[in-house]
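Working notes, beginning with the structure itself.
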Amino acid sequence: MSSTIKYSIDAFKGIDQSADENSLSPSYSPDACNMDTTDGRLSVAKGYVKHIDIPVPGTGKIHRMHVFSHSGGDEFIVMAGNSVYAKKSDGWTQIYEYEGDVTGKFTCEETQISGTDYLLIGCENNRIVKYDGQTASLFGSEDGQSDKRTMYLAMFGGRLFAAGDPDYPSRLYWSQLPGSGRTIENWGPVEASVNVEGGHTEIGASHTDTITALAAMSNQLLIFTKRGLFRLIGDRPSNFTVERIDAQVERMAASSLVRVGDAAFYMTHEGLFIFNGVTSYLSPDARKICVTLDGADVSDCRGAATRRTLYFTVKEADGGDAMIEYDMLRYTYMIRRGFGIRDICAWDGRIYLVNDTRCVYRFGEGGSYDGAPIEAHWNTPLTDLLEKTFIKHLDGLYLRGSAENDAALIIDVTVGDNTARHRVLLPYSESAVKEIPLRNEGRAFKLRFSNENGGAFSLFGGVELEISARKRVS
């Protein structure tokens with residue numbers, strides 16, 4: 001005697017690799033790529049399009065990208081090889097060239113010096129460079145005690161804080177408080193008042209626990225080290241207090257650090273970490289991408305954020321680039337692959353990407369990766385419906401959806417050891433239900449939805465699978 005079971009996916013959510021597939025909700029996928037589930041539908045994600053057609057000059061490796069907003073407008077800044085380039089109206093212009101080799105590690109901080117907008121560029125083992133939209137030059141001076149080779153930069157309480165000095169890797173510097181002829185380019189003492197002078201302090205108990213990142217929050221400066229997290233509070237040197245935060249810590253890259261409101265996020269090999277204003281901790285849903293991160297290299301992770309989504313780049317175990325998307329409103333992860341990534345940055349609610357083509361792209365637009373097809377798939381969990389004694393015969397699949405340019409939807413239905421492929425053309429009407437007859441039976445099953453030749457489709461209103469189940473007869 002058999003009974004009928006309806007297996008439903010009410011809404012598509014995101015990737016979940018935190019548990020055995022048999023215990024996952026049908027709304028989650030253990031393996032998905034280049035899909036978008038923002039509105040609960042399952043759609044092929046958008047690609048990217050050229051934002052700047054002219055490639056960054058030269059052949060040197062692309063290191064970092066930043067959008068500098070100043071009184072003259074917004075400029076894309078790219079560090080490549082030994083050079084710093086700015087995108088002007090007539091193309092890319094080299095604005096600075098470093099002497100000797102650079103490692104590729106850079107940070108940027110926007111500020112003002114004597115009422116002029118400046119971009120400060122920190123480079124590992126090199127002095128800070130300042131750029132005002134017209135001219136780039138070395139920051140600071142020997143007389144001002146600010147000619148240090150510091151990479152990590154942060155404006156906090158009106159002062160510039162800096163770290164990463166290779167001679168003093170645990171040292172935190174701060175500038176004088178601007179005003180009355182003082183600027184952030186002077187880090188020395190002021191006889192008139194200790195409260196406005198510059199200075200420095202050592203962080204942590206050991207010189208081996210070097211500083212790895214700085215982040216300015218509304219009421220504290222976060223100081224990341226190899227093995228700990230500290231904060232500096234206070235508004236003047238006389239009441240500066242540095243205290244260790246009792247927090248979970250993992251090795252992180254400064255380039256992965258993203259600030260959203262008064263919170264900070266960063267990616268580690270263990271997953272997404274969150275600083276909530278009080279302490280830092282591993283996100284409760286971090287294990288949802290544990291398989292993706294297994295063997296991945298996050299030492300050069302790049303982070304960026306739009307209004308609701310965090311983006312982190314990783315180098316996967318097979319050597320390929322991948323981008324992790326985290327929806328902060330829906331607490332869901334998705335993975336993007338199939339393209340190279342050198343750096344990403346966020347500006348005006350959009351994500352921009354630069355890769356080895358040396359072009360700058362707008363991410364999340366268009367139907368391809370600059371002409372390369374988007375290969376997308378979504379696997380449902382392999383499940384026996386917690387009824388291992390029953391043999392399931394898959395009778396039919398019912399769905400609604402649409403496709404662009406008559407693109408086909410590929411559905412692979414696996415039951416037991418058998419997999420059947422179905423090439424489906426979705427109906428033109430959103431109210432129409434597509435019925436797909438199925439065959440084969442077994443104890444466990446899964447579905448795989450994918451596109452064909454980079455085509456775009458969208459499934460909405462959920463998916464239903466009709467199943468006949470019976471107990472095995474001896």
Side-chain angles (χ1 to χ4, degrees), residues 47-124 126-140 151 153-155 160 183-185 255 302-306 311 313 339-366 369-371:
Y48 55 66
V49 298
K50 282 190 176 75
H51 181 70
I52 301 175
D53 291 336
I54 306 171
V56 176
T59 58
K61 182 179 179 181
I62 300 287
H63 302 307
R64 290 305 305 267
M65 176 174 61
H66 181 85
V67 181
F68 175 35
S69 180
H70 57 88
S71 58
D74 302 330
E75 285 186 353
F76 278 83
I77 308 295
V78 172
M79 299 77 167
N82 282 35
S83 300
V84 181
Y85 298 94
K87 175 59 174 64
K88 304 292 185 179
S89 58
D90 58 348
W92 292 98
T93 298
Q94 184 190 56
I95 60 173
Y96 192 80
E97 184 173 8
Y98 291 92
E99 296 181 0
D101 295 330
V102 298
T103 64
K105 293 184 178 181
F106 289 84
T107 61
C108 295
E109 184 73 10
E110 296 185 15
T111 186
Q112 287 191 352
I113 301 175
S114 300
T116 300
D117 295 327
Y118 274 92
L119 176 67
L120 304 184
I121 302 171
C123 176
E124 189 176 39
N126 286 277
R127 285 179 57 183
I128 302 169
V129 171
K130 61 179 182 179
Y131 173 60
D132 63 2
Q134 298 294 327
T135 304
S137 59
L138 287 176
F139 171 95
M151 183 177 70
L153 309 171
M155 290 297 299
L160 174 67
T183 75
I184 61 171
E185 291 195 82
S255 54
R302 310 302 173 92
T306 57
Y311 299 83
T313 69
F339 51 93
I341 308 170
R342 288 304 310 144
D343 199 15
I344 58 175
C345 70
W347 181 251
D348 199 24
R350 290 189 176 96
I351 292 294
Y352 296 88
L353 176 147
V354 64
N355 56 26
D356 288 333
T357 67
R358 310 184 75 80
C359 291
V360 175
Y361 297 94
R362 290 194 309 276
F363 192 75
E365 297 184 32
Y369 293 135
D370 191 25

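Below, all heavy atoms of this structure are taken into account, side chains as well, without hydrogens, waters or symmetry copies.
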Do the side chain of [X] and the main chain of [Y] share a donor and acceptor less than 3.5 angstrom apart?
{"X": "Trp92", "Y": "Ile54", "value": "yes"}
{"X": "Arg358", "Y": "Pro57", "value": "yes"}
{"X": "Arg342", "Y": "Ile62", "value": "yes"}

For [X], give me all partners under side-chain contact (heavy atoms from CB on, under 4.5 Å), at least two apart in sequence or on another chain.
{"X": "Lys105", "answer": "Thr103, Glu124, Met151"}
{"X": "Asn355", "answer": "Tyr48, Leu353, Thr357, Tyr361"}
{"X": "Ala136", "answer": "Ile95, Tyr96, Val129, Tyr131"}
{"X": "Ser114", "answer": "Thr183"}

**Asp132 side chain near His70 side chain, heavy-atom distance below 4.5 Å** =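 In short, these two side chains do not touch, never coming nearer than 4.5 Å.
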**For the student: nearest non-hydrogen atoms of Leu153 and Gly122, plus distance** =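 Shortest heavy-atom separation between Leu153 and Gly122 comes out as CD1-N, 3.7 Å.
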Taking only residues two or more places apart in sequence or in another chain, which ones pass side chain to side chain donor-acceptor pair (under 3.5 Å) with [X]?
{"X": "His51", "value": "Arg362"}
{"X": "Arg64", "value": "Asp343"}
{"X": "Glu109", "value": "none"}
{"X": "Tyr85", "value": "none"}

**Request:** Go through the structure and list residues passing ring-ring contact (aromatic ring centres under 6.0 Å, His included) with His66, not counting sequence neighbours.
**Result:**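 Once residues adjacent in sequence are excluded, His66 has no partner under the ring-ring contact (aromatic ring centres under 6.0 Å, His included) criterion.
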**Message:** Run the salt bridge (Lys or Arg N to Asp or Glu O under 4.0 Å) test against Asp74 and tell me which residues pass, sequence neighbours left out.
**Reply:**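 With sequence neighbours excluded, Asp74 shows a salt bridge (Lys or Arg N to Asp or Glu O under 4.0 Å) to no residue whatsoever.
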**Request:** Please name all residues satisfying salt bridge (Lys or Arg N to Asp or Glu O under 4.0 Å) with Glu110, sequence neighbours left out, ordered by chain then number.
**Result:**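 Expected list: none.
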**From Leu138 atom CG to Tyr98 atom OH, the distance as rounded to the nearest 0.5 Å** =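 These two atoms lie 8.5 Å from each other.
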**Prompt:** Rounded to the nearest 0.5 Å, how far apart are CH2 of Trp347 and CZ of Phe68?
**Reply:**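 Output value for this atom pair is 10.0 Å.
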**Message:** Please confirm whether the ring centroid of Phe139 lies under 6.0 Å from the ring centroid of Tyr118.
**Reply:**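 Judged by ring-centre distance (under 6.0 Å), Phe139 and Tyr118 do not meet the cut-off.
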**All pairs passing salt bridge (charged side-chain N to carboxylate O under 4.0 Å, His left out) where residues 76-99 contributes a residue, at least two apart** = Glu75-Lys88
